[in-house]
Asker: 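Structure below; questions to follow.
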Amino acid sequence: MVVGGGIAGMQAASDLAESGFFVYLITSDDSLGGRMARLDKTFPTNECSMCLLGPRMTGSLNESNINLLTRAKLTQLEGEAGNFTAVVERQPRYVDEARCTGCGLCADTCPIEVKDEFNGELSKRKAVYKQFPQAVPNKYAIDIENCIRCMKCTRVCSAGAIDHQQQSEILNINIGAVILAPGFESFNAQQLGEYGLGYYSNVVSNIQFERMLSSTGPTGGHIYRPSDGAVPKQVAFIQCVGSRDCRKGYGNEYCSAVCCMASVKEAIIIKEHKPETEIVIFYLDMRAFGKNFDRYVNRAVGQGIKLQRSLISSVKEDPITGNLSLSYCDKGQVLTEEFDMVVLGAGVQPPKSAGELAKAAGIELNQFGFAKTSYSNPVETTRAGVFAAGGFIGPRDIPETVVSGSAAAAAAAELLSAARGVSSREIKYPEEKILSSEQARVGVFVCCCGSNIAGVVDVSEVVKYASGLPGVAGAWKFTYSCSQESLQKLKEIIHEFHLNRIVVAACSIRTHLPLFRNALREAGLNQYYLEMANIRDQCSWVHRDYPEEATAKAKDLVAMAVGKVRHHRPLYLKPVQVVQKALVVGGGIAGITAALSLAEQDYQVYLIERQESLGGMLNQLYLPQDGIKPRELIEKKIHAVKSHPNIRVYKNAELINVSGRIGDFQSKIKVEKTTIELKHGVVVIAAGCREGNIKEYMYGEDKRVITRLEMEEFLSSGNNSLVKTVVFIQCAGSRQEGREYCSRTCCGQTVRQALALKELNEDVNIYVLYRDMRTYGFMESEYRRAREKGVIFVNYQPDSPPDLQGGYNGINIKVKDPSSRSNLELTADLVVLASPAVPAEGLDKLAGLLKIPVNEDGFLVETHAKLAPLDVPTPGVFICGSAHSPQNINEVIAQAKGAAARAAGVLSKSHLLAGGPVAKVNQEKCAACVTCVRLCPYGVPYIGSKNVAEISPVQCQGCGTCAGACPNKAITLEHYRSEQLIEKVRAMFNMEVARSE
Amino acid sequence: MKYSYYPGCSLCSTASEYNLSTEAICSKLDIQLIEIPDWNCCGATSAHSASAYLAVALPLRNLILAEAMGLDMVVPCAACYHWQRVAHNEVINKTPVGQRANEDLAKIMGRGYHGTLKTKHIMEVLLQDQVLELLPRKLIKPLNKIKLAAYYGCLMLRPADVVAFDNAEQPNSIDRLAQALGAETVRWSAKVDCCGGSFTLAESGVVQKLTADIVSAAKRGGAEAIVTACPLCQANLDSRQKENENQMPVFYITELVGVALGMPEARKWFKKHIVNPVPMLEKYNLL
Amino acid sequence: MEQVSLAEDLAKETGQKTNTCFSCMKCSGGCPISFASDLKTHEVIRLVNLNQLDRLLNCKTIWLCAFCKTCKQRCPNDIDASLVMDWLKSKALELGVTPAMPNIPIMYQTFLRSVEKLGRVYEAGWIGTYKIKTKTYTKDFKLGLKMLGKRKIKLVPGRIKNYQHIRKIFASARLGMKCRKEIK
Amino acid sequence: MSDFKPKIVAFCCYYCAYAAADVAGSLRVQYAPEVRLVEIPCSGRIDPVVILKTFEEGADGVYVAGCLEGDCHFLKGNIRARQRVNYVQKILGELGIDPERLAMYNLSGAQGGRFAQIANEFTEKIKKLGPSPLRGR
Ligand SMILES: Cc1cc2nc3c(=O)[nH]c(=O)nc-3n(C[C@H](O)[C@H](O)[C@H](O)COP(=O)(O)OP(=O)(O)OC[C@H]3O[C@@H](n4cnc5c(N)ncnc54)[C@H](O)[C@@H]3O)c2cc1C
Ligand SMILES: Cc1cc2nc3c(=O)[nH]c(=O)nc-3n(C[C@H](O)[C@H](O)[C@H](O)COP(=O)(O)OP(=O)(O)OC[C@H]3O[C@@H](n4cnc5c(N)ncnc54)[C@H](O)[C@@H]3O)c2cc1C
Ligand code: SF4
Ligand code: SF4
Ligand code: SF4
Ligand code: SF4
Ligand code: SF4
Ligand code: SF4
Ligand code: SF4
Ligand code: SF4
């Protein structure tokens, strides 16, 4: 069971369903989506959040092994890991999900308007409502508290879906494991009156602002000032609102980790809309620690967005203009600037229901109210069999959320591996009729969708028209095509009239295609013998004022669908065998964790490590993190690997060649002098990172200057009696030209090292010279502790870095301290450099072998920065750990487990289904021009042994880029073959000619 | 309702109109005030800068006297209220200063402070349900929607964990009472800004700017007058407006309560104001 | 470099942990007297942490602080800079450093002298003394006359009954200051 | 001329334009009824032959709608599509057909309003250009 329908919950549920488990996905909301549904775009790629989310939500709804329960809560969990009974309480929705068609008539007539919480209360909705236009399931719901029971909705709903009498339900569900993913919620910035949210109209929170930016939001994607609708010319962002505040009642002590980037993103979007807007972001530390974040921030600065280091004390409103003025301190001056709008970078906190949920699930929460999980297994809670994912573990962005969703799925799968496939639903369909030689007999079903379509389009006329189209054997009218009743009828008609091609003229393929395809399969037809015409979303709904044109258009759309469907071919998904073994490259913590997870899930694993011993970088880390010593952790894990019957380790080994495809790879491995061949179904790359070279700060010239790794060694010796003053210099070799990224691990490590020094000797003077302290998330508490212990943090600017001079008494360091407007002169016995994390030696070569792209910084590039952080374009290959980007140990472990879950999705099946709407090469026509090889975004086509292009149907993603480009028209994209498209277009003109005659 | 009453030094001199109006309206509203016998200066804005000990010990003596009376204490002056609350907190939280002061005073006075006393600002007392229920029945001259800027200043609300009985950043208690009297309060954001009351004498230049900013913010908000609940604020804002400018009366909230209750003695209170509020009140037929 | 840590001393005596400050500058941005002060509030805190007592004792800011607690109200590390200012003021007086804004301490002292003598403030008295001491008779003269005219300032002093209590309190306070010196 | 009802074919990527049309629908954003959608899995699927054939059959205007640049579900399909559209525009010019009759648009799947705006804009443009010279051939 997965609790929470945000991106974390959906990821966990789909990974589990994919690898053969049946999943109950329960969420307290009316729709899937969670916080992501509220965002406009996502950093650092500026992709539309809803576009990413939409397919995910429908995917989760349509997956036969996921049972989605909305408005549901876990109230009790009895039993033990592997055998729980979950008590779930389902709140009534007052709308029957099985009947509601999402037409919205009820909302149109409902007289009650209330503030729309989803839009940050910037707009109104009705008492019967849908949370957002793309909600999944696409069903309405009644907010009973505001409903006056006027029954107008009941009268207007011809589907009879409204039921004010619905009662809450208690379900007892037998399950093996639970994943909690209730996310986080935004800090309510209204608690901080000094910023004026809720008092001054032109102050909005970041989440409200996201809604304003969103094209489905209250302002339709335009930025208007709430007070007067004017377009703002000067916008200020205030950071750390309700975060990094140690006082009770004023927010939270930790850093919310996403708000810096969220504000930079929002600022960039404003600039995209209106480049002339002046934007200032008031911040303390710009926490751009993630992959490609620094570049994103630099881009923002390049666009003229001003970053001003200074938090804001209060916002003042000019009561006449509604403008807002902010005072801030810069270089010892207090300046005041006026803005038309202020956005508050509000932080995040555990959901209100966290306590209740924790109690129900029997788990503990940490000091901040998030799920308490262990550092060495970040998805494991304090109760066996109960796992956590996403924002519920702590503040994090979407990719990390997705990773933890996968990781939790892996953890649950490890526990339940014996039960795999036991309760997953395998649907049996009747044998398919072979129809390829038969003439097309098209059946057209035109939907009224209550009055949604019929109210505008003359459905009877469309039916009449359709039955006269060439190849059509009959046309029928349905009030609601998607009702169970109609689907049954559809199957009967198919049999009765010997139909072999079907057109359903109704709504969107995005929501309904799977439903009708399924009906065809149940009727013994190939599921690709279906075409839908969208005469609702694309016609009746959007041409309400032109019923005649709409009817004409509906006819055309039906004709087009008929034209195309006549040329449909049956497509078969062919099973290809999967070698249920994995190859893991790299024996660091990432590789080891992934290998162990897969082995626990009962798959054979080959683990290859090019060095003599396993462990990677962790062998060089000494200081405990969250109470866990990296060396001890890695030793324990190495031992587990060695004793695991499912894992075979090759040391001193290197991958030299890979061929084959997902499910069936063949690799050559050089182990010392011999070469071994291995067969496996998936590859996990965990090649890690290393410490980069440093040219600055006298490193290599003076022995008293050491790197952070050398400092770990120094501390492990426990002997520091001679050092009185230690100076740490951050970002040495990171965040500069040529290495324009943050090494992410150093700020936290420095703080730990400083604390360890203080522990050994309280009197040692410690200075940390930094650019931004990036102790994001819960690490903020350690940063605070270091300050409490008297560590002095000095903010240096990259244009005036610390100046070092070797001296007899120590190293003399000059640095400007902006906080006292003075130059500090320090004499250090030891200087510790925050050395950069760079990709492992030869990572590019390894990447080349597997056709994985690398980025400017040399790290591997994932398929999708947000939603597929562990996949790469090459199917069957997954990545994790520091080869992806620099990360801390717990994050690496989560990624490794996540990669294991992704890999298990492939390995769990004995066969993969290949084919369907994918590209196919006509070898006769191919001239081996390599256009397709060059253009395919996934590197699928290759020139095979016959010197023509080959495309593996298993790997092809079906985008059609190659088909569109092939100069010899040798490639066809099934289901979207050129002739099909052309016939579709022709159908609309042929008939026009016919009509005018 | 019966309280022990601590007027404080200001109310006995510069702000005697605050004292008079407080006493007058309280008796009208069935609130009995019994002045604490032999109270002393709370140290106000000076004691703390000389000694943290003095800043606690001086008000503590008053707390001890009031505690002995067995009645919760009412204070109209924001500064006195502040310091009395601070002293209370230092003692009950057993800070070194608080403990030492309490021990010393126990010796000096023969009785220490037990921490049972509730110290309330006059605003808290006036905003009790009982008073708010009574008020409409006694309202003789509703304030005719005059536009007021409610000004709270600093010491009444800060630090929030010690003193604030209202939202420390967006307070509304004075607003609510003024509205209950039939006035309108304007939207402005200098409500909790500092007027520099503590060194009005020594650094008049600094204070001049601070008060000018506050007064002009009130004007920009559309206010015709300012209303406060602190003698330091009132004195500062009232006395530091430039003569050649359009000046704005600065009321004590208690004075306005008195006006609304139709008390004839109100005119006398206003004699003490530097910016004469009488013309404005007369214009609205309130006097 | 000084051996004793200013921040530690200060924390012991005022409870203010200045070294938790992360220089967010909220305090300075919200400080009403920032336009007149030489060191900004966060700089005062910073200099405490850097042990630079000289710059602190000679600055105007500690005297100008209006004790409005805006800084304390909004500091995410819960530092009450006004108490830091107070502490530095007494430090300056204790160490005999000439205040950068001498009138302000004189004002405080004359005020307190009045309290010590009478138990309450005697305005005409203390203001008069203040003016003599600071030689600022003419400043605010007009206002003073106006206030007298409005009888805002009483001319006859009154004394509380148990004024002895007050004297004893002041005596203990002086003792306290000595204590502090001795602890050092 | 005024009652000229152009026929316009829009090749819409499933992941963006098709989704945006759905959003326009559920928000009931009204737009010109002349546009007919043909769904394709990615704008990168479009090929010059299909576009030219569409004109040949009698379309008065054609546009291809893909994801925002940088946002392509299949990484770069929309960039390829734009290249092909530019290429076909040239051919159209050579054939004496106004290249303006063909266009490429980018939008995100949430931009229902933008979808409608494009439909209106393009329809307006084609109305001004009048019937395609190939129409009713
Ligand atoms: C202003 C802002 C902007 C952001 N921008 C970005 C960005 O641009 N890029 C990026 O990568 N990240 C961004 N993030 C972060 C991103 O929103 C989160 O990483 C992500 O949404 C977390 O997903 P989740 O599934 O863990 O939680 P959520 O999305 O919060 O989902 C939790 C789900 O669980 C349900 N639920 C809650 N409690 C219960 C319960 N007791 N029982 C059952 N169900 C429950 C909720 O209804 C919800 O559906 C942003 C965050 C904020 C606040
Ligand atoms: C200087 C520095 C300091 C750090 N400090 C900290 C810290 O204090 N705290 C913290 O949490 N994190 C820290 N990290 C990060 C942490 O070390 C990594 O996140 C973690 O080690 C990543 O684990 P991994 O398994 O991905 O990579 P690694 O630990 O690097 O392991 C990768 C393994 O793969 C092997 N390998 C590489 N290429 C191949 C190949 N082609 N074939 C076969 N084998 C191969 C390598 O030999 C290595 O054994 C630090 C990183 C650096 C660079
Ligand atoms: S089917 Fe009924 S309940 Fe559903 S949206 Fe339409 S009117 Fe509302
Ligand atoms: S019964 Fe309720 S939900 Fe239905 S229309 Fe009336 S108020 Fe709206
Ligand atoms: S520093 Fe942390 S809490 Fe503050 S705005 Fe940035 S991410 Fe949010
Ligand atoms: S020191 Fe490291 S973690 Fe900190 S900002 Fe620099 S590169 Fe990033
Ligand atoms: S583009 Fe066409 S002709 Fe060229 S290699 Fe690919 S399939 Fe062959
Ligand atoms: S259809 Fe797309 S994924 Fe498949 S081979 Fe062609 S270009 Fe590659
Ligand atoms: S507000 Fe607090 S943390 Fe921020 S600079 Fe001032 S004292 Fe330091
Ligand atoms: S208390 Fe002092 S330092 Fe703090 S804001 Fe007020 S005047 Fe400034």
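The structure presented is a predicted model; accordingly, all values stated were derived computationally and were not measured. Each chain gets a letter, A, B and so on, in the order its sequence line appears, and its residues count up from 1.
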Asker: Heavy atoms only: give me the nearest A/C100-A/K139 pair and the separation to one decimal.
Answerer: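 So the two residues come closest at O-NZ, 2.9 Å.
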Asker: With a sphere of 6.0 Å drawn around NZ of D/K76, does it hold more than 12 non-hydrogen atoms of other residues, nucleotides or ligands?
Answerer: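 Count not over threshold, so no.
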Asker: If a pair satisfies salt bridge (Lys or Arg N to Asp or Glu O under 4.0 Å) and one of its residues is in residues 955-965 of chain A, list it, with sequence neighbours excluded.
Answerer: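 Of all non-adjacent pairs touching residues 955-965 of chain A, none passes salt bridge (Lys or Arg N to Asp or Glu O under 4.0 Å).
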Asker: Search all heavy atoms of D/Y31 against all heavy atoms of D/A116 and return the closest pair with its distance.
Answerer: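 Scanning both residues completely, I find the closest heavy atoms to be CD2-CB, 3.5 Å.
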Asker: Need one label for D/F11: side chain, backbone, both or neither, based on atoms under 4.5 Å from any heavy atom in chain A.
Answerer: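 For D/F11, side-chain heavy atoms alone lie under 4.5 Å from chain A.
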Asker: Relative to chain D, which of A/V985, A/N534, A/L557 shows the most heavy atom pairs under 4.5 Å?
Answerer: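 Ranked by heavy-atom pairs under 4.5 Å with chain D, first place is A/V985.
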Asker: Please report the C-alpha distance between A/E210 and A/R38 in whole Å, then the side-chain angles of each, then the deciding distance to 0.1 Å, and finally whether the side chain to side chain contact (heavy atoms under 4.5 Å, CB included) criterion is met.
Answerer: CA-CA 7 Å; A/E210 291 277 353; A/R38 289 173 166 79; 5.7 Å; no
Asker: Measuring heavy-atom distances to chain A, does D/R28 have an atom under 4.5 Å in its side chain, in its backbone, in both, or in neither?
Answerer: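 For D/R28, backbone and side chain are both near chain A.
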Asker: Considering only heavy atoms, which portion of D/Q83 lies under 4.5 Å from any heavy atom of chain A: side chain, backbone, both, or neither?
Answerer: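 Neither part, no heavy atoms under 4.5 Å.
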Asker: What part of D/V29 lies closer than 4.5 angstrom to a heavy atom of chain A: side chain, backbone, both or neither?
Answerer: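 For D/V29, backbone heavy atoms alone lie under 4.5 Å from chain A.
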Asker: Once you round to the nearest 0.5 Å, how far does OG1 of D/T54 lie from CD1 of D/I8?
Answerer: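 So the gap between those two atoms works out to 13.0 Å.
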Asker: Any idea which of A/E979, A/R510, A/K41 has the most non-hydrogen atom pairs under 4.5 angstrom with chain D?
Answerer: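 Top option by heavy-atom pairs under 4.5 Å: A/R510.
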Asker: Below 4.5 Å, heavy-atom pairs only: which of A/E549, A/K553, A/H864 has the largest tally toward chain D?
Answerer: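 The residue among A/E549, A/K553, A/H864 with the greatest pair count is A/K553.
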Asker: With a 4.5 angstrom heavy-atom cut-off, which part of A/T863 approaches chain D: side chain, backbone, both or neither?
Answerer: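 Just its backbone gets close to chain D.
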Asker: Tell me, for A/Q134 versus chain D, whether the close heavy atoms (under 4.5 Å) come from the side chain, the backbone, both or neither.
Answerer: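 It is the side chain, since no backbone atom gets that close.
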Asker: Tell me, side chain or backbone of A/N46 under 4.5 Å from chain D's heavy atoms, or both, or neither?
Answerer: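 For A/N46, backbone heavy atoms alone lie under 4.5 Å from chain D.
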Asker: Using a 4.5 angstrom heavy-atom cutoff, name the option from D/L37, D/V23, D/V9 with the most pairs to chain A.
Answerer: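 When all of D/L37, D/V23, D/V9 are compared, D/L37 has the most.
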Asker: Find the one option among D/S43, D/C13, D/A59 whose heavy-atom pairs under 4.5 Å with chain A are most numerous.
Answerer: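 Result: the option with the highest number of such pairs is D/A59.
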Asker: Tell me which of these, A/N138, A/L981, A/D40, has more heavy-atom pairs under 4.5 Å with chain D than the rest.
Answerer: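 Ranked by heavy-atom pairs under 4.5 Å with chain D, first place is A/L981.
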Asker: With a 4.5 angstrom heavy-atom cut-off, could you sort out which part of D/I46 is near chain A: side chain, backbone, both or neither?
Answerer: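 D/I46 touches chain A through backbone heavy atoms alone.
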Asker: Within the distance-only criterion (no hydrogens, no angle test), does the side chain of A/Q980 pair as donor or acceptor with the backbone N or O of A/Y976 below 3.5 angstrom?
Answerer: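 Side chain of A/Q980 to backbone of A/Y976, a donor-acceptor pair under 3.5 Å: yes, one is there.
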Asker: Against chain D, label A/K984 side chain, backbone, both or neither, depending on which of its atoms sit under 4.5 Å from a heavy atom there.
Answerer: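 Answer is side chain: those atoms of A/K984 sit under 4.5 Å from chain D.
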Asker: Out of A/K564, A/R544, A/R536, which one racks up the most heavy-atom pairs below 4.5 Å with chain D?
Answerer: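 Going by pairs under 4.5 Å, I would pick A/R544.
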Asker: Between D/N120 (side chain) and D/A32 (backbone), is there a donor-acceptor pair under 3.5 Å?
Answerer: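 Checked: pair present.
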Asker: Can you tell which part of A/Y546 gets under 4.5 Å to a heavy atom of chain D, answering side chain, backbone, both or neither?
Answerer: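 A/Y546 touches chain D through side-chain heavy atoms alone.
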Asker: Which region of A/K130, side chain (C-beta onward) or backbone (N, CA, C, O), has a non-hydrogen atom less than 4.5 Å from a non-hydrogen atom of chain D, or is it both or neither?
Answerer: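 A/K130 touches chain D through side-chain heavy atoms alone.
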Asker: Please round to the nearest 0.5 Å and tell me the distance separating atom CZ of A/F989 and atom CG of A/D556.
Answerer: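 Taking CZ in A/F989 and CG in A/D556, the distance rounds to 8.0 Å.
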Asker: Side chain, backbone, both or neither: which part of A/T45 has an atom under 4.5 Å from a heavy atom of chain D?
Answerer: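 Just the backbone, heavy atoms under 4.5 Å.
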Asker: Which residues pass the ring pair (Phe, Tyr, Trp, His ring centres under 6.0 Å) test with A/F43, sequence neighbours left out?
Answerer: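 By the ring pair (Phe, Tyr, Trp, His ring centres under 6.0 Å) rule, A/F43 matches A/F293.
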Asker: Does the side-chain hydrogen bond (donor to acceptor under 3.5 Å, both in side chains) test come out yes or no for A/S508 and A/D537, once each step is laid out?
Answerer: CA-CA 7 Å; A/S508 173; A/D537 308 56; 5.2 Å; no
Asker: Can you tell me which portion of A/C103 sits under 4.5 Å from chain D's heavy atoms? Options are side chain, backbone, both or neither.
Answerer: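 Only the backbone of A/C103 comes within 4.5 Å of chain D.
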Asker: Could you tell me whether A/E272 atom CD has more than 12 heavy atoms of other residues or ligands within 6.0 Å of it?
Answerer: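 It does: A/E272 CD has more than 12 such atoms within range.
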